[in-house]
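The sequence lines fix the lettering, A, B, ..., with proteins before strands; numbering per chain opens at 1.
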Protein chains: 2
Amino acid sequence: MLVKRTYTQEELTALLQRHGINPTAQRLEIARLLFARAEHVSAEDVFMLVNTAATPVSKATVYNTLGLFAERGLIREVIADPNKVFYDPNTAPHYHFYDVATGQLTDIDAEGVQITGLPSLPEGARMEGVDVIVRLRQSDRPTH
Amino acid sequence: MLVKRTYTQEELTALLQRHGINPTAQRLEIARLLFARAEHVSAEDVFMLVNTAATPVSKATVYNTLGLFAERGLIREVIADPNKVFYDPNTAPHYHFYDVATGQLTDIDAEGVQITGLPSLPEGARMEGVDVIVRLRQSDRPTH
DNA sequence: AAACCATCTATAATCATTCTAAATCGACAC
DNA sequence: GTGTCGATTTAGAATGATTATAGATGGTTT
């Protein structure tokens with residue numbers, strides 16, 4: 001599934017540059033964290049993770065950086081939880097299970113999944129992506 | 001597509017009761033608004049709409065009522081905009097276009113759309129629904 | 001009319017996110 | 001090396017959607 005990898009500083013630098021991002025210390029640090037754990041993380045998660053490490057990074061920078069990474073296609077925003085945005089270092093096409101009760105997000109490999117019959121886009125629109133979220137609930141813990 | 005209808009008070013009452021909801025004045029008023037306009041509305045939208053009408057309804061009641069309606073399947077929550085939740089009075093299976101720039105939500109009729117090859121659900125999980133959101137951007141208004 | 005229970009209300013609190021204005025940094029000119 | 005410039009980062013305030021709280025209201029039953 002997701003490949004957990006450690007990148008060298010040089011690889012990370014190249015990765016950012018390839019996406020048109022100036023590789024500052026903070027951005028490298030955040031990128032390192034994101035790709036090392038290869039999970040769905042919130043901005044708050046990143047903020048806490050980055051501040052257990054050597055270099056402290058401010059909350060504003062965490063938000064700016066995640067926004068920048070997402071805008072440049074280095075990571076992907078996942079809007080599934082009404083409370084917060086998740087960021088996904090996996091940019092390969094894939095979908096998500098979302099546990100409504102716990103907020104847990106899990107990948108669904110896009111391989112094998114087919115979506116057909118979508119109508120043509122409105123005039124002048126470009127598709128940014130298709131999000132598929134399968135909402136789940138553990139049936140042994142009933143709603144009410 | 002969406003059927004815009006005016007329900008009689010009796011029909012609305014029956015509708016709520018059929019979903020196990022005690023039909024109070026405020027709930028009927030909110031239901032009336034929702035089904036009269038048959039659009040995607042936020043809680044804030046509902047709050048403003050309901051307070052142009054005769055009966056004022058508090059914000060807390062708007063949130064409680066929308067939550068209750070969604071829980072009982074009278075309307076559907078749409079998580080597409082990171083800033084707010086939309087509520088959709090159309091509970092027939094369908095999907096959404098989401099304009100990333102404007103926040104505009106548009107229906108995609110499920111008829112004709114096929115999603116195949118989804119993996120089996122995790123152990124003990126029950127599917128609550130599948131959300132498909134096609135993110136769009138107007139190509140004549142570039143990103144940056 | 002007292003008790004009861006659900007609902008509704010105003011308002012405060014929460015919490016993710018964005019904004020602001022000042023500090024810092026790195027590169028480059030002098 | 002010092003000054004300047006633009007980009008970045010920072011702390012902290014502000015915003016805004018949503019939720020929590022605790023009291024008021026209303027209908028129903030006895």
Compute whether any side-chain donor of one residue and acceptor of the other, for [X] and [Y], lie under 3.5 angstrom apart.
X	Y	answer
A/Ser42	A/Asp45	yes
B/His40	B/Asp107	yes
A/Asn90	A/Asp88	no

Discussion item. As a quick check of understanding, evaluate side-chain contact (heavy atoms from CB on, under 4.5 Å) for B/Ile115 and B/Val130, giving each step before the final call.
Written reply: CA-CA 10 Å; B/Ile115 304 175; B/Val130 179; 4.2 Å; yes

Does [X] reach the side chain of [Y], with side-chain heavy atoms less than 4.5 Å apart?
X	Y	value
A/Val46	A/Val57	no
A/Ile108	B/Pro119	yes
A/Arg76	A/Asp131	yes

Whole-Å distance between [N] [atom2] and [X] [atom1]?
X	N	atom1	atom2	result
B/Leu66	D/dT18	CG	P	9 Å
B/Ile79	D/dA17	CD1	P	15 Å
B/Phe47	D/dG16	CZ	P	15 Å

Item to complete: Identify the 5'-most and 3'-most nucleotides of DNA chain C with at least one atom closer than 4.0 Å to a non-hydrogen atom of chain A.
Response: C/dA16 to C/dC19

Discussion item. What verdict does the side-chain contact (heavy atoms from CB on, under 4.5 Å) test give for B/Ile79 and A/Asp81, after you've listed the backbone C-alpha separation in whole Å, the side-chain angles of each residue and the deciding distance to 0.1 Å?
Written reply: CA-CA 7 Å; B/Ile79 317 288; A/Asp81 188 312; over 6 Å; no

Item to complete: Going 5' to 3' through nucleotides 4-13 of chain D, assign each nucleotide B (protein heavy atom under 4.0 Å from a base atom), S (under 4.0 Å only from sugar-phosphate atoms) or - (no protein heavy atom that close).
Response: ----SSBB--

